Participant: 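Quick one: the structure is below, questions incoming.
Note that the structure is a prediction, hence the values are computed from the model and not measured. Count residues from 1 along the sequence.
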Amino acid sequence: KKISDILEKSAPKPGVPADLQNLLSQHFGENRSVIEIEELKLSDSCFLPANDLTHSFSSYLKEICPKWAKLRKNHKEKKSVVMLVICSSALRSLELIKSMTAFKGDCRVLKLFAKHIKIKEQMNMLEKGMFHIGVGTPGRVKALVEQDGLCLNSTKYMILDWNWRDQKLRRMMDIPEIKKETIDLLEMCIIKLCREGSVKLGLF
């Protein structure tokens with residue numbers, strides 16, 4: 001059965017923290033010890049309220065981040081963003097950037113995907129300028145972190161574009177490559193930051 005056949009018949013259900021937990025357990029279950037899997041578990045306090053499918057992107061961000069104006073004003077770090085938004089494609093990144101206009105005000109948003117943008121360009125921009133929000137694909141974000149182009153120490157929010165479906169009705173976690181890159185990124189640094197309490201995860 002194709003995933004799109006199943007999805008066509010089922011009503012969309014909003015993602016909840018348990019969905020991400022289960023995904024991580026399934027992904028690592030076969031080749032990790034019980035202790036290692038325990039270390040990848042996130043408590044509910046690591047999560048922001050999930051989108052119940054009634055929100056626009058801006059209204060969701062306003063709800064989870066009521067103190068945005070203050071956070072934005074206090075952000076002085078180069079090579080970093082306060083909020084990181086992860087989605088499945090360059091096209092979807094552009095859609096999300098457009099749809100957060102009401103929320104972001106005049107803060108600076110950086111596109112973090114590979115299509116038409118060289119990684120060196122993004123690294124230069126991050127080094128020279130001040131950006132508040134980064135929106136992009138997990139593969140490029142992971143590469144920037146690995147190459148020390150993006151530092152996550154001052155990141156407070158990481159939003160996964162969890163519920164949105166493409167033309168084939170696939171969510172980002174239904175696309176094997178995107179799913180793997182997202183899990184790699186989470187394992188590489190995000191889970192640790194969540195457990196330490198410095199980053200909160202949101203499922204939009």
Participant: For Lys200 and Ile159, indicate whether the former's side chain and the latter's backbone hold a donor-acceptor pair under 3.5 Å.
Facilitator: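 A pair under 3.5 Å: no.
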Participant: Ignoring hydrogens and angles, tell me if any N or O in the side chain of Asn124 forms a donor-acceptor pair with the backbone of Glu121 under 3.5 Å.
Facilitator: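 Checking the backbone N and O of Glu121 against the side chain of Asn124, no donor-acceptor pair under 3.5 Å is found.
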Participant: If you measure from OG on Ser59 to NZ on Lys62, what distance do you get to the nearest 0.5 Å?
Facilitator: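 Ser59 atom OG to Lys62 atom NZ measures 8.0 Å (nearest 0.5 Å).
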Participant: Report yes or no: does Glu181 contribute a side-chain atom to a donor-acceptor pair with the main-chain N or O of Ile178 at less than 3.5 Å?
Facilitator: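 No; judged by distance alone, with no hydrogens or angles, the pair does not exist.
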Participant: Phe113 ring centre to Arg140 NZ or CZ under 6.0 Å, with the angle to the axis within 45°?
Facilitator: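 The answer is no, since Arg140 fails at least one limit relative to Phe113.
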Participant: Donor-acceptor pair, distance only, cut-off 3.5 Å: does the side chain of Asn22 make one with the backbone of Asp19?
Facilitator: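 Side chain of Asn22 to backbone of Asp19, a donor-acceptor pair under 3.5 Å: no, none is there.
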Participant: Find the distance between SG (Cys194) and CG (Leu186) and round it off to the nearest 0.5 Å.
Facilitator: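 It comes to 7.5 Å.
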Participant: Less than 6.0 angstrom separating the ring centers of Phe57 and Phe103, yes or no?
Facilitator: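 Ring centroids of Phe57 and Phe103 are no less than 6.0 Å from each other.
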Participant: Could you give the distance from CG (Asn153) to SG (Cys151), rounded to the nearest 0.5 Å?
Facilitator: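 Between Asn153 CG and Cys151 SG, I get 3.5 Å after rounding to 0.5 Å.
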Participant: What is the minimum heavy-atom distance between Gln21 and Ser43, and which atoms define it?
Facilitator: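 Closest approach of Gln21 to Ser43: NE2-N, 4.3 Å.
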Participant: Does NZ belonging to Lys104 count more than 12 external heavy atoms closer than 6.0 Å?
Facilitator: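 It does: Lys104 NZ has more than 12 such atoms within range.
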Participant: Could you tell me whether Lys79 and Asp148 make a salt bridge, using a distance below 4.0 angstrom between a side-chain N and a carboxylate O?
Facilitator: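 Salt bridge between Lys79 and Asp148, a charged N being under 4.0 Å from a carboxylate O: yes.
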Participant: Just do the side-chain hydrogen bond (donor to acceptor under 3.5 Å, both in side chains) check on Ser58 and Ser56 with the steps written out, would you?
Facilitator: CA-CA 6 Å; Ser58 274; Ser56 70; 5.3 Å; no
Participant: As an exercise, state the distance from NZ of Lys156 to CG of Leu84, rounded to the nearest 0.5 Å.
Facilitator: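 Lys156 atom NZ to Leu84 atom CG measures 13.0 Å (nearest 0.5 Å).
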Participant: Got Leu201 and Tyr157 here, is their nearest side-chain heavy-atom distance under 4.5 Å?
Facilitator: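 In short, these two side chains do not touch, never coming nearer than 4.5 Å.
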Participant: Verify salt bridge (Lys or Arg N to Asp or Glu O under 4.0 Å) between Glu187 and Arg32, making sure each step is shown before the conclusion.
Facilitator: CA-CA 13 Å; Glu187 189 193 11; Arg32 298 286 168 101; 2.7 Å; yes
Participant: Is Met123 reachable from Leu150 through a run of I, L, V, M, F, W or Y residues, each pair having side-chain heavy atoms under 4.5 Å apart?
Facilitator: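 Yes.
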Participant: CD of Glu177: more than 12 outside heavy atoms within 6.0 angstrom?
Facilitator: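 No, CD of Glu177 has 12 or fewer neighbouring heavy atoms, counting only those of other groups under 6.0 Å.
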Participant: Parallel, tilted or perpendicular: which one describes the rings of His132 and Trp68, with boundaries at 30° and 60°?
Facilitator: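 Plane angle over 60°, so perpendicular.
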Participant: What distance separates Arg170 CZ from Met173 CE, expressed to the nearest 0.5 Å?
Facilitator: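 The CE atom of Met173 is 14.0 Å from CZ of Arg170, to the nearest 0.5 Å.
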Participant: Check Phe204 against Leu96 and note the closest heavy-atom contact, atom names and distance.
Facilitator: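 That would be CE2-CD2, 4.5 Å.
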Participant: Are Lys142 and Met188 close enough that some pair of their side-chain heavy atoms sits under 4.5 Å apart?
Facilitator: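 Yes, at least one pair of side-chain atoms sits under 4.5 Å.
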Participant: Could you check whether any side-chain heavy atom of Asn51 comes within less than 4.5 Å of a side-chain heavy atom of Pro14, counting everything from C-beta outward?
Facilitator: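 They are not in contact (no side-chain heavy atoms under 4.5 Å apart), so the answer is no.
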Participant: Side chain of Asp161, backbone of Ile86: donor and acceptor closer than 3.5 Å?
Facilitator: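 No: the side chain of Asp161 does not pair with the backbone of Ile86.
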Participant: Check whether any side-chain heavy atom of Ile175 sits under 4.5 Å from a side-chain heavy atom of Lys179, and report yes or no.
Facilitator: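 Sidechains of Lys179 and Ile175: no contact.
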Participant: Do Ser154 and His75 touch side chain to side chain, with heavy atoms closer than 4.5 Å?
Facilitator: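 Sidechains of His75 and Ser154: in contact.
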Participant: Starting from the C-alpha separation in whole Å, work towards a yes-or-no answer on side-chain contact (heavy atoms from CB on, under 4.5 Å) for Lys115 and Leu91.
Facilitator: CA-CA 9 Å; Lys115 206 169 200 171; Leu91 211 60; over 6 Å; no
Participant: With clusters defined by side-chain heavy atoms of hydrophobic residues (ILVMFWY) lying less than 4.5 Å apart, directly or transitively, does Met83 cluster with Leu203?
Facilitator: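 Result: no, two separate clusters.
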Participant: About how many Å separate CD1 of Ile133 and CZ of Arg108, when rounded to the nearest 0.5 Å?
Facilitator: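 The distance works out to 12.5 Å.
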Participant: Would you say that Lys111 contacts Val135 through its side chain, given a criterion of any heavy-atom pair below 4.5 Å between the two side chains?
Facilitator: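 They are not in contact (no side-chain heavy atoms under 4.5 Å apart), so the answer is no.
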Participant: At their closest point, which heavy atom of Ser88 faces which heavy atom of Trp164, and how far apart are they?
Facilitator: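 The answer is OG-CZ3, 3.8 Å.
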Participant: Do the non-hydrogen side-chain atoms of Ile190 and Leu152 ever get within less than 4.5 Å of each other?
Facilitator: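 In contact.
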Participant: Is there a salt bridge (Lys or Arg N to Asp or Glu O under 4.0 Å) between Lys168 and Asp174? Walk through the geometry before answering.
Facilitator: CA-CA 10 Å; Lys168 295 180 181 168; Asp174 297 326; over 6 Å; no
Participant: After noting the C-alpha distance and the side-chain angles of Glu38 and Lys41, does the key distance pass the salt bridge (Lys or Arg N to Asp or Glu O under 4.0 Å) rule?
Facilitator: CA-CA 5 Å; Glu38 221 24 67; Lys41 284 221 165 85; 3.4 Å; yes
Participant: What's the verdict on salt bridge (Lys or Arg N to Asp or Glu O under 4.0 Å) for Lys98 and Glu95, showing C-alpha distance, side-chain angles and the deciding distance?
Facilitator: CA-CA 5 Å; Lys98 270 202 194 104; Glu95 269 176 36; over 6 Å; no
Participant: Can Leu48 be reached from Ile191 by stepping across I, L, V, M, F, W or Y side chains whose heavy atoms are under 4.5 Å apart?
Facilitator: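 They do not share one cluster, since no chain of ILVMFWY contacts under 4.5 Å joins Ile191 to Leu48.
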Participant: Give a yes or no on this: more than 12 heavy atoms of other residues, nucleotides or ligands lie within 6.0 Å of atom CG of Asp52.
Facilitator: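 It does: Asp52 CG has more than 12 such atoms within range.
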Participant: Would a 4.5 Å heavy-atom cut-off, applied to side chains only, mark Leu42 and Pro17 as touching?
Facilitator: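 Heavy-atom side-chain distance check fails, nothing below 4.5 Å.
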Participant: Taking everything shown except Lys73 itself, do over 12 heavy atoms lie less than 6.0 Å from its NZ?
Facilitator: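 No, NZ of Lys73 has 12 or fewer neighbouring heavy atoms, counting only those of other groups under 6.0 Å.
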Participant: Search all heavy atoms of Pro138 against all heavy atoms of Cys87 and return the closest pair with its distance.
Facilitator: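 Shortest heavy-atom separation between Pro138 and Cys87 comes out as CD-O, 3.3 Å.
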Participant: So, for Asn163 and Gly15, which heavy atoms are closest and what is the spacing to 0.1 Å?
Facilitator: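 Closest approach of Asn163 to Gly15, heavy atoms only: OD1-N, 2.7 Å.
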Participant: Membership question, hydrophobic clusters at under 4.5 Å side-chain separation (ILVMFWY): are Leu160 and Leu144 in the same one?
Facilitator: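 Linked within one cluster.
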Participant: Do any N or O atoms from the side chain of Thr155 and from the backbone of Val81 form a donor-acceptor pair under 3.5 angstrom?
Facilitator: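 Flag set: sc Thr155 to bb Val81 pair under 3.5 Å.
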Participant: Looking only at heavy atoms, which two atoms of Met172 and Trp162 are closest? And how far apart?
Facilitator: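 Minimum heavy-atom separation between Met172 and Trp162: SD-N, 4.4 Å.
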Participant: In terms of hydrophobic clustering (I, L, V, M, F, W, Y; side-chain heavy atoms under 4.5 Å; direct or indirect links), are Val141 and Ile97 co-clustered?
Facilitator: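 Hydrophobic grouping puts Val141 apart from Ile97.
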